[in-house]
Amino acid sequence: MATRVAFENTGEIGVFAALTNGYCLTGINRSENFYSVFEAELSAHIPVIHATVAGCRFVGRTTVGNRRGLLVPNTTTDQELAHLRNSLPDSVVVQRVEERLSALGNIICCNDHVALVHPDIDRETEDVISDVLGVEVFRQIVGGQALVGSYCKFSNQGGMVHPRTTVEDIEELSSLLQVPLVAGTVNRGSDVLGGGLVVNDWAAFVGLDTTSTEISVIENIFRLSGAGGGAGGQLGAHGQQSNIVTNMRSSLIDQLS
């Protein structure tokens, strides 16, 4: 199920939160409302942790991780690094990365098996991503955009890409990632998917402006609606996905024309 949430006055929740199958990070807020939404949905399964990076709250854009590890930029202080290591499960490796493109959440998008990265990322960073997160790394652009972390979002179940991504590119990315993909938007037409959406294999959180149509697309492609249980359920989910993809494409074409 996808849950609407806002951080103070903004729907760009992906800037202030990071979600994986092993943990959730949230930026420190003036009130506990933002944190409590994540805690209510997730705390029975994974730890939900207050965090900062270089004294800033935008942990979703500066960090990237999966259930095996978490990468943070070189601006992260020793105290913040120690807090993360103490709070996260022992199985999660926390690693500081010496990368000039320091907004790691904007330049890397990953699940537990594959990572897409900005074409200009350092070779050393590519090796660290592969070692710490235990994934295959591919240099890629999505919909003509090099900031793959901002313009696509995928879990182990499915993924969503920039609405202007061509059908051929979607098929190529889908075969690369081995998950179904759909072009879509969040927050009432925003193409910055990384900003308005955080997702793992069983939960998603979207910005408060996200429409019911967008939520329907998200729940179907990420298999959050409970339709994916068992082989029969998966076949049903694929049918639903193809329908929702067709409907979404039609509405996008109408908007763009």
Side-chain angles (χ1 to χ4, degrees), residues 1-3 14 19-21 64-67 108-117 133-145 147-187 189-207 210-253 255-256:
M1 190 179 121
T3 306
L19 175 62
T20 73
N21 289 330
V64 67
N66 61 15
R67 64 183 173 82
I108 304 164
C109 187
C110 71
N111 60 14
D112 292 336
H113 309 292
V114 186
L116 301 182
V117 301
L133 303 184
V135 293
E136 284 188 89
V137 181
F138 299 99
R139 292 171 187 258
Q140 198 74 33
I141 61 170
V142 174
Q145 306 287 341
L147 294 175
V148 289
S150 300
Y151 293 102
C152 81
K153 201 76 184 172
F154 57 90
S155 68
N156 300 327
Q157 306 291 331
M160 187 174 272
V161 295
H162 190 285
R164 292 186 185 268
T165 310
T166 64
V167 177
E168 293 80 12
D169 285 350
I170 289 176
E171 288 173 355
E172 182 188 335
L173 284 169
S174 184
S175 70
L176 197 67
L177 302 174
Q178 294 294 296
V179 295
L181 295 178
V182 64
T185 59
V186 292
N187 280 333
S190 169
D191 54 15
V192 188
L193 301 172
L197 167 68
V198 293
V199 64
N200 67 10
D201 286 356
W202 71 86
F205 298 86
V206 295
T210 306
T211 65
S212 56
T213 305
E214 289 170 337
I215 285 178
S216 176
V217 174
I218 288 164
E219 288 184 341
N220 274 280
I221 198 63
F222 289 108
R223 301 184 190 177
L224 302 172
S225 51
Q234 286 180 350
L235 289 172
H238 283 305
Q240 284 182 314
Q241 284 165 16
S242 63
N243 290 339
I244 207 78
V245 169
T246 306
N247 295 338
M248 188 65 181
R249 284 210 169 279
S250 302
S251 63
L252 282 170
I253 289 165
Q255 287 174 17
L256 295 172

May I have all residue pairs that pass side chain to side chain donor-acceptor pair (under 3.5 Å) and include part of residues 194-203, sequence neighbours excluded? Asn21-Asp201, Asn156-Asp201
Heavy-atom side-chain contact between Leu19 and Phe205 under 4.5 Å: yes
Take Ile218 and Met160 through the side-chain contact (heavy atoms from CB on, under 4.5 Å) test and state the conclusion after the steps. CA-CA 8 Å; Ile218 288 164; Met160 187 174 272; 3.6 Å; yes
Closest approach of Gly159 to Ile221 (non-hydrogen atoms, all atoms of both residues): O-CG1, 3.3 Å
side-chain contact (heavy atoms from CB on, under 4.5 Å) between Leu176 and Gln140: does it pass, once the steps are laid out? CA-CA 10 Å; Leu176 197 67; Gln140 198 74 33; 3.7 Å; yes
To the nearest 0.5 Å, atom CD1 of Ile215 lies from atom CE of Met1 at 8.5 Å
Residues in side chain to side chain donor-acceptor pair (under 3.5 Å) contact with Asn187, at least two apart in sequence or another chain: Thr210
Nearest 0.5 Å, please: how far is CG in Leu197 from OG1 in Thr185? 11.0 Å
Residue list, side chain to side chain donor-acceptor pair (under 3.5 Å) with Ser155, at least two apart or on another chain: none
Distance in Å, Ile141 CD1 paired with Leu173 CG, rounded so as to fall on 0.5 Å steps: 9.5 Å
Which residues share a side-chain contact (heavy atoms from CB on, under 4.5 Å) with Thr211, sequence neighbours left out: Arg188, Thr213, Glu214
Quick one: pull up CG in Asn66 and CG in Asp112 and give me the separation to the nearest 0.5 Å. 5.0 Å
Under the ring pair (Phe, Tyr, Trp, His ring centres under 6.0 Å) test, residues paired with Tyr151 that sit two or more places apart: His162
Can a donor-acceptor pair be found, under 3.5 Å and without considering hydrogens, that links the side chain of Glu219 to the backbone of Ser216? no
Sequence-distant partners of Asp169, salt bridge (charged side-chain N to carboxylate O under 4.0 Å, His left out), two or more places apart: none
For Val114 and Asn111, what are the C-alpha separation, side-chain angles and deciding distance, and is it a side-chain contact (heavy atoms from CB on, under 4.5 Å)? CA-CA 6 Å; Val114 186; Asn111 60 14; 4.0 Å; yes
Non-hydrogen atoms of Val179 and Gly158 that approach each other most closely: CB-CA, 3.9 Å
With side chains defined as the heavy atoms from C-beta onward, is the minimum distance between Pro180 and Arg223 less than 4.5 Å? yes
Pairing residues for Cys152 by the side-chain contact (heavy atoms from CB on, under 4.5 Å) criterion, not counting sequence neighbours: Cys109, Leu116, Val142, Phe154, Val161
Atom pair CD (Glu172) and CG (Leu181), whose distance is rounded to the nearest 0.5 Å: 11.0 Å
Enter the distance from Lys153:NZ to Cys110:SG here, rounded to the nearest 0.5 Å. 8.5 Å
Looking at every non-hydrogen atom in both residues, tell me the closest pair between Pro163 and Asp191 and how far apart they are. CD-CB, 3.5 Å
